[in-house]
Novice: 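Below are the structure tokens for one structure; questions will follow.
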Amino acid sequence: MRNSPRLTLDIAPLDLDMTLGCGQTFRWEREEDGSWTGILGECVVCLDNSEGPLTIQIRHGGERAGGMVLEYLRGGDDINAIQAVLSKDPVLSSGLARFIGLRIVKMPPWECIVSFVLATNSNIKRITRMINSIAEGYGENIAEGMYAFPSVEGLRNATIEDLSGRGLGYRATYLHALCQTVDESTISRMERMAYEDLRNELKKLPGIGDKVADCISLFGFGHLGSFPIDVWVEKALGRLYGVTGSYPVLRRFATERFGAFAGYAQEYLFLNERSLAPDGACAFS
DNA sequence: GCCCAGGAGTGTG
DNA sequence: CACACTCATGGG
């Protein structure tokens, strides 16, 4: 794309493959040259830091894309300081170096809510297909083949039948109910809430239980103390810490053990455990 | 064909 | 509180 405006941002350390490809966000696409193309609001950007600094090629949307990338990648997080805190845990300390450059993302809240409601009992490849399908069906066409994530209002008119036709399975019912329950003011009110209150509020919504509420708190609202527990993290806690039990039990353990940066600890444990799987869906073991 | 997937909702003991 | 069961469907 000739003459696309470029920006450079100082975000380091940053590993785009881990950060954008690990399953905390679902719409980024890795190009042949190792760059990553994605959609932020109504901007289309291509990120590349293979030469050193992070360059942002703005394919659509203008200069504001720079600030959106900075927020999305949580450029303000001091990763080294966070790892220094977590390294006091003897189990984590030896393996943290492997995950330098992994950054927790800060997705737009509504996109994050929908994404993780759809993510229940599914897999990353299918989640990606589901999300891209509803974007094509209900999102604004902002560039050739690129669709913005649909707004609450944009999705509200979708029938359960059409959502089912997009491969959502029984999640179509959840998403439909969710769109009738939530509006933009609900979201903006949630952005002002403390983590525990937000979590309780999210769990009142259809299709959101303990795990999804914690994913949304972490990846959509930026609460780094949140610790989502899926099957991989549950395995990791049992294998590495000898801890088993219900969600509340495991969550309490993690909160006391990992503190304010439990979300980062969770992502390290998640990626490490998943990379041990026989059919290793993880490309960076 | 089988088992699994970044689980939630509901009913029962 | 803990389980057990169901939900719909693509991926490996």
Side-chain angles (χ1 to χ4, degrees), chain A residues 18-28 99 102 104-105 107 111-134 158-182 199-221 223-224 226-239 243-254 262-285:
Chain A
M18 278 198 289
T19 299
L20 301 177
C22 73
Q24 53 175 337
T25 181
F26 303 99
R27 294 195 74 196
W28 291 87
F99 300 109
L102 168 64
I104 298 289
V105 298
M107 299 172 67
E111 178 175 348
C112 188
I113 290 170
V114 174
S115 295
F116 281 94
V117 165
L118 297 185
T120 60
N121 204 17
S122 187
N123 57 73
I124 292 177
K125 187 157 294 186
R126 185 182 175 191
I127 297 164
T128 300
R129 295 168 64 91
M130 289 189 284
I131 294 173
N132 283 330
S133 180
I134 64 172
T159 64
I160 296 178
E161 289 71 27
D162 183 52
L163 294 174
S164 295
R166 295 180 180 281
L168 305 199
Y170 63 86
R171 303 165 197 81
T173 309
Y174 291 153
L175 180 55
H176 181 78
L178 186 63
C179 292
Q180 317 307 317
T181 310
V182 172
R199 188 175 189 280
N200 290 329
E201 207 63 25
L202 286 169
K203 283 179 64 176
K204 294 176 184 174
L205 300 177
I208 301 181
D210 279 320
K211 190 269 179 181
V212 170
D214 282 330
C215 282
I216 296 168
S217 298
L218 179 59
F219 304 126
F221 289 90
H223 295 284
L224 293 185
S226 181
F227 189 89
I229 303 165
D230 72 327
V231 292
W232 298 109
V233 174
E234 182 178 5
K235 285 179 190 172
L237 290 176
R239 187 174 65 84
V243 186
T244 58
S246 64
Y247 199 101
V249 169
L250 298 178
R251 177 170 178 261
R252 187 155 40 245
F253 170 83
Y264 270 95
Q266 178 273 160
E267 206 60 18
Y268 299 147
L269 292 170
F270 169 76
L271 289 177
N272 183 63
E273 197 68 22
R274 199 183 60 177
S275 70
L276 300 175
D279 55 350
C282 201
F284 40 88
S285 59

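Letters go in sequence order (proteins before strands), and every chain restarts at 1. The shown structure was predicted, so the numbers you read here are calculated from the model rather than taken from an experiment.
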Novice: How many Å lie between CZ on A/Arg129 and C1' on C/dG12, as a whole number?
Specialist: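 Rounded to whole Å, this separation is 14 Å.
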Novice: NZ of A/Lys204 versus P of B/dG9: gap in Å, rounded?
Specialist: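 Between P of B/dG9 and NZ of A/Lys204: 14 Å.
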Novice: For the pair A/Ser226 (side chain) and A/Gly263 (backbone), establish whether a donor and an acceptor sit closer than 3.5 Å, ignoring hydrogens and angles.
Specialist: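 No.
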Novice: State, with a plain yes or no, whether a side-chain heavy atom of A/Arg199 is found less than 4.5 Å away from one of A/Ile216.
Specialist: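 No, side chains not in contact.
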Novice: Would the distance check show the side chain of A/Glu267 and the main-chain N or O of A/Ile104 forming a donor-acceptor pair, the cut-off being under 3.5 Å?
Specialist: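 Not confirmed, A/Glu267 side chain does not pair with A/Ile104 backbone.
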Novice: Does atom CZ of A/Arg126 have more than 12 heavy-atom neighbours from other groups under 6.0 Å away?
Specialist: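 Above 12, so yes.
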Novice: Examine A/Phe116 together with A/Phe26 and report whether their ring centres are nearer than 6.0 Å.
Specialist: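 When the ring centroids of A/Phe116 and A/Phe26 are compared, they turn out to be within the sub-6.0 Å range.
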Novice: For nucleotides 2-8 of chain C, just jot down a letter per nucleotide in 5' to 3' order: B, S or -, based on protein non-hydrogen atoms under 4.0 Å.
Specialist: S----BB
Novice: Starting from the 5' end of DNA chain B, give me the residue, A/Glu267 or A/Ile208, whose nearest nucleotide shows up first.
Specialist: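 With A/Glu267 and A/Ile208 compared, the 5'-side residue is A/Glu267.
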Novice: Counting N and O atoms only, with roles assigned by atom type, does the side chain of A/Gln180 sit under 3.5 Å from a partner on the main chain of A/His176, one being a donor and the other an acceptor?
Specialist: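 The answer is yes, because a donor-acceptor pair under 3.5 Å joins these two groups.
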Novice: May I ask you to say what A/Leu205 touches in the nucleic acid, namely base, sugar-phosphate or nothing, with a heavy-atom cut-off under 4.0 Å?
Specialist: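 Contact class for A/Leu205: sugar-phosphate only.
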Novice: With heavy atoms under 4.0 Å as the rule, sort A/Gly167 into base, sugar-phosphate or nothing.
Specialist: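 Answer is nothing: A/Gly167 stays at 4.0 Å or more from every strand.
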Novice: Starting from C1' on B/dA8, measure out to CD on A/Glu234 and report it in whole angstrom.
Specialist: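 Rounded to whole Å, this separation is 15 Å.
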Novice: A/Arg274 has an atom CZ; how far is it from atom C1' of C/dG12, in whole Å?
Specialist: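 It is 14 Å, rounded to the nearest whole Å.
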Novice: Looking only at atom P, what distance separates C/dG12 and B/dG7, rounded to whole Å?
Specialist: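 It works out to 16 Å between them.
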Novice: Rounded to the nearest 0.5 Å, how far apart are CD of A/Glu111 and CZ of A/Phe219?
Specialist: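 Going from CD on A/Glu111 over to CZ on A/Phe219, the span is 13.5 Å.
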Novice: For the residue pair A/Thr244 and A/Val249, what are the closest heavy atoms and their distance?
Specialist: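 Residues A/Thr244 and A/Val249, closest heavy atoms: O-CG1, 4.0 Å.
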Novice: For A/Lys125, which contact category applies under a 4.0 Å heavy-atom criterion: base, sugar-phosphate, or nothing?
Specialist: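 Sugar-phosphate only.
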Novice: A/Ile160 CD1 to C/dT9 P: how many Å, rounded?
Specialist: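 Rounded to whole Å, this separation is 13 Å.
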Novice: Backbone N or O of A/Ala213 within a donor-acceptor pair of the A/Ser217 side chain at under 3.5 Å?
Specialist: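 Yes, A/Ser217 side chain to A/Ala213 backbone: donor-acceptor pair under 3.5 Å.
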Novice: Can you tell me the distance, in whole Å, between the CG atom of A/Leu202 and the C1' atom of B/dG9?
Specialist: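 About 17 Å, once rounded to whole Å.
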Novice: Using a cut-off of under 3.5 Å, enumerate the N/O to N/O pairs linking the protein to nucleotides 11-13 of chain B.
Specialist:
none

Novice: In whole angstrom, what separates A/Lys211's NZ from B/dA8's P?
Specialist: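 One finds 7 Å between P of B/dA8 and NZ of A/Lys211, rounded.
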Novice: Please classify the nucleic acid contact of A/Ile229 as base, sugar-phosphate, or nothing, using heavy-atom distances under 4.0 Å.
Specialist: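 Answer is nothing: A/Ile229 stays at 4.0 Å or more from every strand.
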Novice: With DNA chain B as reference, determine whether A/Phe116 or A/Pro206 sits nearer its 5' end, using the nearest nucleotide of each.
Specialist: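 That would be A/Phe116.
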Novice: To the nearest angstrom, how far is A/Met130 atom CE from B/dG7 atom P?
Specialist: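 These atoms are roughly 10 Å apart.
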Novice: Could you report the tightest heavy-atom contact between A/Leu237 and A/Phe227, atom names first, then the distance?
Specialist: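 That would be CD1-CE2, 4.0 Å.
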